[in-house]
*Asks:* 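Can you keep this structure in mind? I'll have questions shortly.
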Amino acid sequence: MRSKKRLLYATLMMGVLISCGQSKQESQEEGALKSGNPILEGWYADPEGIIYGDTYWIYPTRSDLYEKQTFFDCFSSKDLVHWTKHSSIIDTAEVKWAKKAMWAPSVICKDGKYYLFFGANDVHEVEIGGIGVAVSDRPEGPYKDLLGKPLINEIVNGAQPIDQFVYHDVDNGEYYMYYGGWRHCNVVRLKEDFTGLRPFEDGTIYKEITPENYVEGPFMFKKNGKYYFMWSEGSWGEPDYSVAYAIADSPFGPFNRIGKILQQDPEVATSAGHHSLFHVPNTNEYYIVYHRRPLGDNARDHRATCIDKLTFDKDGFINPVKMTFEGVEARPIH
């Protein structure tokens, strides 16, 4: 009986490995050491990737029922292959106004402090919730609630206050925050200490910059003087979840949709979206970090964090991303 159980367990585990991807060891045997996909153990979504010094960091949503989604873990790596988990860097015991559904963090370092912006509570009209901000002396926390209340609680221009991305425009020193669910996206200007919002030159606080087909998950980066604005399309619970982008001369657009660069692959995974990027300093190397669903797995919260290369053509347009089971090769930061 015991041997039959062992055989059954081995068979089940083999199925999991086939459906989820390759292990680091399997990838190593084929040549260069690779990360394999998924890169994080467990169900994690909405990964925010950032480089602090010589270390890669990922801050994801714990993908679970909203009632259990009450804390954040984060992960660090020196090479994109070996990841260290840092558990429960902040939770609802610290964020008193957050009852459930802490999700989609965005992080940034300023003046020696580490800031974590996050959504909490599935906020609707007259509900407390929205976008909060926490601070720590270390990237792995623990983080403390900075305000004791949401930074943005209201619904403006139809944008649910979730899925924030904080962008530092080094050319003008400004810190902008792009955010929004429900097919609307706003940009706001953050105060120097991140305790509130400040008006734009025309006196407005919120600017709507929603591109065609936008749903949620905004992300911004700058390359060769151009602003690349990215977002997720489709429904996060459906196979057609995907990532599209636009290019503009201004952080406020107009962002005219160019097309999709990440979407489901019937041979690899479905529901590929809500991404971020690593850009290795002083190189043209980019990596896209995103979540996807294993083939044949329809469980609501079974989303896995993965990584693949992001490349550009000769004109600066983003090439379609090829999702892989192998992931990427080890890449220390020098």
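Numbering of residues begins at 1 and proceeds along the displayed sequence.
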*Asks:* Do any pairs count as a salt bridge (Lys or Arg N to Asp or Glu O under 4.0 Å) and have a residue in residues 35-45, sequence neighbours left out, and if so which ones?
*Replies:* none

*Asks:* Is there any salt bridge (Lys or Arg N to Asp or Glu O under 4.0 Å) pair reaching into residues 235-256, and which pairs are they, with sequence neighbours excluded?
*Replies:* Lys226-Asp249

*Asks:* Please collect all side-chain hydrogen bond (donor to acceptor under 3.5 Å, both in side chains) contacts where either partner lies in residues 310-321, sequence neighbours excluded, each pair once.
*Replies:* Thr311-Asn319

*Asks:* So does Lys309 have more than 12 non-hydrogen atoms from other groups sitting under 6.0 Å from NZ?
*Replies:* no

*Asks:* Determine which pairs satisfy side-chain hydrogen bond (donor to acceptor under 3.5 Å, both in side chains) with at least one residue from residues 112-129, sequence neighbours left out, and list them in order.
*Replies:* Lys113-Asp137, Asp122-Gln160

*Asks:* Test Tyr44 against every option in Asp73, Thr305, Asp64 by the side chain to side chain donor-acceptor pair (under 3.5 Å) rule and name the one that passes.
*Replies:* Asp73

*Asks:* Just grab all the salt bridge (Lys or Arg N to Asp or Glu O under 4.0 Å) pairs involving residues 149-170, residues at least two apart or on different chains.
*Replies:* Asp169-Lys222

*Asks:* Quick one: sort the Phe200 and Tyr176 rings into parallel, tilted or perpendicular, breaks at 30° and 60°.
*Replies:* parallel

*Asks:* Could you check whether Lys223 makes a cation-pi contact with Phe312, meaning its NZ or CZ is under 6.0 Å from the centre of the six-membered ring and within 45° of the ring axis?
*Replies:* yes

*Asks:* More than 12 foreign heavy atoms under 6.0 Å from CG of Asp171: is that the case here?
*Replies:* yes

*Asks:* Scan residues 267-288 for pairs that pass salt bridge (Lys or Arg N to Asp or Glu O under 4.0 Å), counting only residues two or more places apart or in two chains.
*Replies:* Glu285-Arg331

*Asks:* In terms of relative ring orientation, are Tyr178 and Phe229 parallel, tilted or perpendicular, with 30° and 60° separating the classes?
*Replies:* tilted

*Asks:* Between the main-chain N or O of Asn157 and the side-chain N or O of His184, is there a donor-acceptor pair closer than 3.5 Å?
*Replies:* yes

